[in-house]
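Letters A, B, ... mirror the listed sequences (proteins, then strands); counts begin at 1. The shown structure was predicted, so the numbers you read here are calculated from the model rather than taken from an experiment.
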2 protein chains.
Amino acid sequence: MLKERNLRMTRQRQVILEELRATDQHPSADALHERVKKKLPRISLGTVYRNLEILTELGEIRTIALAGSLKRFDGIPQNHYHMRCMRCDRLVDAPMDVVDSLERVLQEKTEFRILSHQLEFTGICPDCQALLDDNA
Amino acid sequence: MLKERNLRMTRQRQVILEELRATDQHPSADALHERVKKKLPRISLGTVYRNLEILTELGEIRTIALAGSLKRFDGIPQNHYHMRCMRCDRLVDAPMDVVDSLERVLQEKTEFRILSHQLEFTGICPDCQALLDDNA
DNA sequence: TTACTTGCAAATCGTTTGCGATATA
DNA sequence: TATATCGCAAACGATTTGCAAGTAA
């Protein structure tokens, strides 16, 4: 699966994959870099980032996009879900109710105390669909 | 509601709230800053950030933390949900199945083409619960 | 008159990128 | 040997923060 993309299995790529597979800690790039450095002391953080991206594209690992520092603001204080257009980055309210049962179902199966949840849909907005159709 | 926290209703705070309430565009802090500058040309981006934080704490508006900027990595390539501890930031697999019907339910009600969804639970992990109990 | 709030600029954080050097296939 | 990949360091974009001046109550 490396060949069709002209990719090479470097020692760095190998160790990054091994170390990630060896833990269930869902490390950040930085935390993984610290682990990998124990075996390859000279590896750089940039190399870790580059390989994590490639390994994700290959389907070998998953990148979890956490709800994080990037923010948008909403004049409506009630909780509701959103849809984001992956092409133009527009953010729109999702026309559906908040599903409280998601938290209840999970709470029955975990010691974690669940307090809230964040649900974001990704897709293509109508405007961008039209644009894409034009180009076809 | 301003009084109990010794907060003042400044012109800046007022206009930021008005402008955010006047749109359904879910602007970024920067985009909102551009709008507000038309009424208060000298207002700084830092002031916009500070007020958005306070208005969120007061429950007047909502801050939407977008999925994307912050990343974690997972050696298991199958899709699944996660729980994040709001105290220690630990990330753990959620013991529940992916709910495909969420996308179907929403797709029936929108022109948006839904392609995927991101669900993240927030709460307190068992270790941090124990710590909090000790301090009580 | 107090101390909350501002504008400005510098700092921070996670991530990305340009470069010349290195190593895989 | 060709070029994918590396290490390094600088660049990046969104957000946060320190400080002295301004202003609401």
Side-chain angles (χ1 to χ4, degrees), chain A residues 1-17 19-20 26-58 60-74 84 89 91, chain B residues 1-17 19-20 26-58 60-74 84 89 91:
Chain A
M1 115 256 306
L2 295 174
K3 280 189 181 172
E4 51 261 37
R5 287 195 44 189
N6 269 356
L7 296 174
R8 297 171 186 179
M9 182 46 76
T10 60
R11 181 109 184 81
Q12 289 88 338
R13 188 162 295 163
Q14 210 171 77
V15 174
I16 289 168
L17 182 54
E19 286 298 309
L20 187 54
H26 304 86
S28 63
D30 194 61
L32 186 57
H33 182 222
E34 289 305 318
R35 293 182 63 116
V36 171
K37 265 201 288 192
K38 290 177 185 159
K39 298 196 176 168
L40 303 174
R42 294 184 44 73
I43 193 173
S44 75
L45 182 55
T47 295
V48 172
Y49 272 108
R50 278 189 277 235
N51 277 293
L52 286 170
E53 187 175 351
I54 289 174
L55 290 169
T56 299
E57 286 168 9
L58 291 176
E60 293 293 316
I61 65 171
R62 279 211 132 225
T63 295
I64 306 164
L66 287 189
S69 48
L70 259 187
K71 291 168 188 164
R72 299 288 181 85
F73 300 90
D74 193 332
R84 175 151 59 151
D89 216 37
L91 192 68
Chain B
M1 116 254 307
L2 295 173
K3 280 189 180 172
E4 50 262 35
R5 286 194 47 188
N6 270 356
L7 295 175
R8 296 170 186 179
M9 182 45 76
T10 61
R11 181 107 182 82
Q12 289 88 336
R13 189 162 295 163
Q14 210 170 76
V15 174
I16 288 169
L17 182 54
E19 286 298 309
L20 187 54
H26 304 86
S28 63
D30 195 61
L32 186 58
H33 182 222
E34 289 305 319
R35 293 183 63 116
V36 170
K37 265 202 289 192
K38 290 178 186 159
K39 298 196 175 168
L40 303 174
R42 292 184 46 73
I43 193 173
S44 75
L45 182 55
T47 295
V48 172
Y49 272 109
R50 278 187 278 235
N51 277 294
L52 286 170
E53 186 175 351
I54 289 174
L55 290 169
T56 299
E57 286 167 10
L58 292 176
E60 293 293 316
I61 65 172
R62 281 210 131 224
T63 295
I64 307 162
L66 288 189
S69 45
L70 265 183
K71 293 171 186 163
R72 297 287 182 85
F73 301 91
D74 193 333
R84 175 151 59 154
D89 215 37
L91 192 68

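Distance check, rounded to the nearest 0.5 Å: CD1 of B/Ile16 to CD1 of B/Ile61 gives 9.0 Å. Distance check: A/Leu45 CG to A/Lys37 NZ gives 8.5 Å after rounding to the nearest 0.5 Å.
At a threshold of 4.5 Å between non-hydrogen side-chain atoms, the residues A/Ile43 and A/Val15 do not count as touching. For the pair B/Thr10 and B/Thr47, the minimum side-chain heavy-atom distance is 4.5 Å or more. Side-chain contact between A/Phe73 and B/Thr63 is present, with heavy atoms from C-beta onward closer than 4.5 Å.
What separates NZ of B/Lys37 from C1' of C/dG7 is a distance of 13 Å, to the nearest Å. Here C/dT2 presents its C1' atom at 7 Å from CZ of B/Arg8, a figure rounded to the nearest Å. Here C/dT24 presents its C1' atom at 17 Å from CZ of A/Arg5, a figure rounded to the nearest Å. The CD atom of A/Gln14 sits 14 Å away from the P atom of D/dT5 (whole-angstrom rounding). Between B/Ile16 atom CD1 and C/dT5 atom C1' the separation is 11 Å, expressed in whole Å. Taking atom CZ on B/Arg72 and atom C1' on C/dC13, their separation rounds to 14 Å, with Å as the unit. If you measure from atom CG of A/Leu45 to atom P of C/dT17, you get 14 Å, rounded to the nearest angstrom. Whole-Å rounding puts the B/Asp30 CG to D/dG13 C1' distance at 10 Å.
Of the candidate nucleotides D/dG7, D/dA14, C/dA25, D/dA14 has the atom lying nearest to any side-chain atom of A/Leu70. Listed nucleotides C/dT15, D/dT15, D/dT5 differ in distance to A/Arg13; the shortest reach to its side chain belongs to D/dT5. Closest approach to the B/Ala29 side chain among D/dT15, C/dG7, D/dG7 is made by D/dT15 (side chain taken as heavy atoms from C-beta onward).
For C/dG7, the OP1/OP2 oxygens have a side-chain nitrogen or oxygen of B/Gln12 closer than 4.0 Å. Taking only side-chain nitrogens and oxygens, A/Thr10 comes nearer than 4.0 Å to OP1 or OP2 of D/dC6. OP1 or OP2 of C/dT16 sits under 4.0 Å from a side-chain N or O of B/Lys71.
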Practice task
Step by step, work out the salt bridge (charged side-chain N to carboxylate O under 4.0 Å, His left out) result for A/Glu19 and A/Lys38.
Solution key: CA-CA 10 Å; A/Glu19 286 298 309; A/Lys38 290 177 185 159; over 6 Å; no

Exercise for the section: Could you go through the side chain to side chain contact (heavy atoms under 4.5 Å, CB included) check for B/Arg13 and B/Leu7 one step at a time? Expected result: CA-CA 10 Å; B/Arg13 189 162 295 163; B/Leu7 295 175; 3.9 Å; yes

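Across all strands shown, A/Ser28 has no heavy atoms under 4.0 Å from either base or sugar-phosphate atoms. Among the heavy atoms of the strands lying under 4.0 Å from A/Arg42 are primed sugar atoms or P, OP1, OP2 only; no base atom is included.
Near-neighbour residues of DNA chain C inside residues 46-57 of chain B, defined by a heavy atom below 4.0 Å, number-ordered: B/Thr47, B/Arg50, B/Asn51.
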